[in-house]
**Q** 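Take a look at the following structure, please.
Here the structure is a predicted model, which means the values were calculated and not measured. Reckoned from all heavy atoms, side chains included, excluding hydrogens, waters and symmetry mates.
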Amino acid sequence: QVLLVESGGGLVQAGGSLRLSCAASGRTSSSVAMGWFRQAPGKEREFVAVISGSGGSPYYSDSVKGRFTISRDNAKNTVYLQMNSLKPEDTAVYYCAARATRRDYSDYDIPKNTYEYAYWGQGTPVTVSS
């Protein structure tokens, strides 16, 4: 079992920055790939970024590439999402997720779907004002 707790969300003006954190607990939390997703009102949950268990191979959705950075500190069992140059369309609840498998991903099977993750946090809201 992996427990995930997100923090760092809030209200920010367009062009601003926020740093989200996801604290993980559980026996395998530091060895599995972890991702960030977001869900805007009335929309489906969508993939934002993923990072491998070792902290390498980050992958981003096209909508955030170049503006967001995912990272992790396995000593602290924490994954981060640094969000810069925020836009109103980034407004959503942001969720941290962890995979159940310890198998890492390749460029050909990047886990971008919600069903590829077994554990989810409660979400942290981000609102970007124009």
Side-chain angles (χ1 to χ4, degrees):
Q1 186 74 15
V2 176
L3 177 65
L4 304 174
V5 180
E6 303 98 331
S7 62
L11 174 65
V12 63
Q13 289 189 330
S17 298
L18 280 176
R19 188 196 197 200
L20 306 183
S21 299
C22 173
S25 61
R27 198 155 57 94
T28 63
S29 61
S30 63
S31 60
V32 298
M34 296 187 67
W36 285 96
F37 287 73
R38 66 186 182 186
Q39 188 166 16
K43 295 188 176 181
E44 292 187 353
R45 194 168 298 188
E46 66 172 2
F47 169 80
V48 174
V50 62
I51 191 166
S52 70
S54 63
S57 306
Y59 185 85
Y60 304 91
S61 67
D62 288 343
S63 61
V64 307
K65 194 177 299 181
R67 300 186 297 122
F68 291 11
T69 302
I70 188 171
S71 62
R72 68 189 297 164
D73 183 341
N74 283 344
K76 297 181 178 179
N77 283 336
T78 302
V79 176
Y80 305 97
L81 186 68
Q82 177 67 43
M83 306 187 296
N84 298 329
S85 302
L86 282 161
K87 305 175 181 179
E89 51 263 45
D90 294 318
T91 295
V93 177
Y94 283 71
Y95 296 90
C96 174
R99 302 196 74 191
T101 175
R102 294 187 182 188
R103 182 185 66 82
D104 226 334
Y105 56 87
S106 69
D107 289 345
Y108 304 100
D109 64 347
I110 295 169
K112 296 183 286 185
N113 301 293
T114 56
Y115 62 79
E116 296 180 275
Y117 294 81
Y119 307 102
W120 293 84
Q122 83 288 350
T124 185
V126 172
T127 302
V128 184
S129 63
S130 57

**Q** Sequence neighbours left out, what passes side-chain hydrogen bond (donor to acceptor under 3.5 Å, both in side chains) with D109? Give chain and number order.
**A** R103, S106

**Q** Roughly how far, to the nearest 0.5 Å, is CG of D107 from OG of S57?
**A** 7.0 Å

**Q** Which atom pair, heavy atoms only, marks the closest approach of A92 to A40?
**A** CB-N, 3.8 Å

**Q** Who pairs with V12 by side chain to side chain contact (heavy atoms under 4.5 Å, CB included), at least two apart in sequence or on another chain?
**A** L18, L86, V128

**Q** Please report the closest heavy-atom contact between V2 and A98, naming both atoms and the distance.
**A** CG1-CB, 4.4 Å

**Q** Tell me the closest heavy-atom pair linking C22 and M34, and the distance in Å.
**A** SG-CE, 4.0 Å

**Q** Take F37 and W120, measure what ring-ring contact (aromatic ring centres under 6.0 Å, His included) needs, and give me the verdict at the end.
**A** CA-CA 10 Å; F37 287 73; W120 293 84; 5.1 Å; yes

**Q** Without swapping roles, check the side chain of R67 against the backbone of S85 for a donor-acceptor pair under 3.5 Å.
**A** yes

**Q** Do D90 and M83 come within less than 4.5 Å of each other through their side chains, counting heavy atoms only?
**A** no

**Q** Roughly how far, to the nearest 0.5 Å, is CZ of R19 from CG of N84?
**A** 11.0 Å

**Q** In Å, rounded to the nearest 0.5 Å, how long is the span from CG of N77 to CG of L4?
**A** 10.5 Å

**Q** Could you check whether atom CD of Q122 has more than 12 heavy atoms from other residues, nucleotides or ligands sitting under 6.0 Å from it?
**A** yes

**Q** Which of these, S63, S61, P125, sits in a side chain to side chain contact (heavy atoms under 4.5 Å, CB included) with R38?
**A** S63

**Q** Less than 4.0 angstrom from a charged side-chain N to a carboxylate O is my criterion; do D62 and K65 meet it?
**A** yes

**Q** Please check this pair: side chain of T78 against backbone of K76, looking for a donor-acceptor N/O pair closer than 3.5 Å.
**A** yes

**Q** Can you list every ring-ring contact (aromatic ring centres under 6.0 Å, His included) pair that touches residues 59-100, not counting sequence neighbours?
**A** none

**Q** Does V50 belong to the same Ile/Leu/Val/Met/Phe/Trp/Tyr cluster as V48, with side-chain heavy atoms less than 4.5 Å apart forming each link?
**A** no

**Q** Taking D73 for its side chain and A75 for its backbone only, find out whether a donor-acceptor pair lies under 3.5 Å.
**A** yes

**Q** Using a 3.5 Å distance criterion without hydrogens, assess whether the side chain of N74 forms a donor-acceptor pair with backbone atoms of G55.
**A** no

**Q** Quick check: closest heavy atoms across Y105 and A33, and the distance to 0.1 Å?
**A** CE2-CB, 3.8 Å

**Q** Show your reasoning for whether side chain to side chain contact (heavy atoms under 4.5 Å, CB included) applies to Q82 and S17.
**A** CA-CA 7 Å; Q82 177 67 43; S17 298; 3.9 Å; yes

**Q** If only atom types and distance count, is the side chain of T124 paired as donor or acceptor with the main-chain N or O of G9 below 3.5 Å?
**A** yes

**Q** Okay, side chain of R99, backbone of E116: is any donor-acceptor separation there less than 3.5 Å?
**A** yes

**Q** Does Y117 use its side chain to pair, donor to acceptor, with the backbone of C96 at less than 3.5 Å?
**A** no

**Q** Report the distance from atom CG of L20 to atom CD1 of I70, rounding to the nearest 0.5 Å.
**A** 10.5 Å

**Q** Do V93 and F47 share a hydrophobic cluster, counting only Ile, Leu, Val, Met, Phe, Trp and Tyr and linking them when any side-chain heavy atoms are less than 4.5 Å apart?
**A** yes

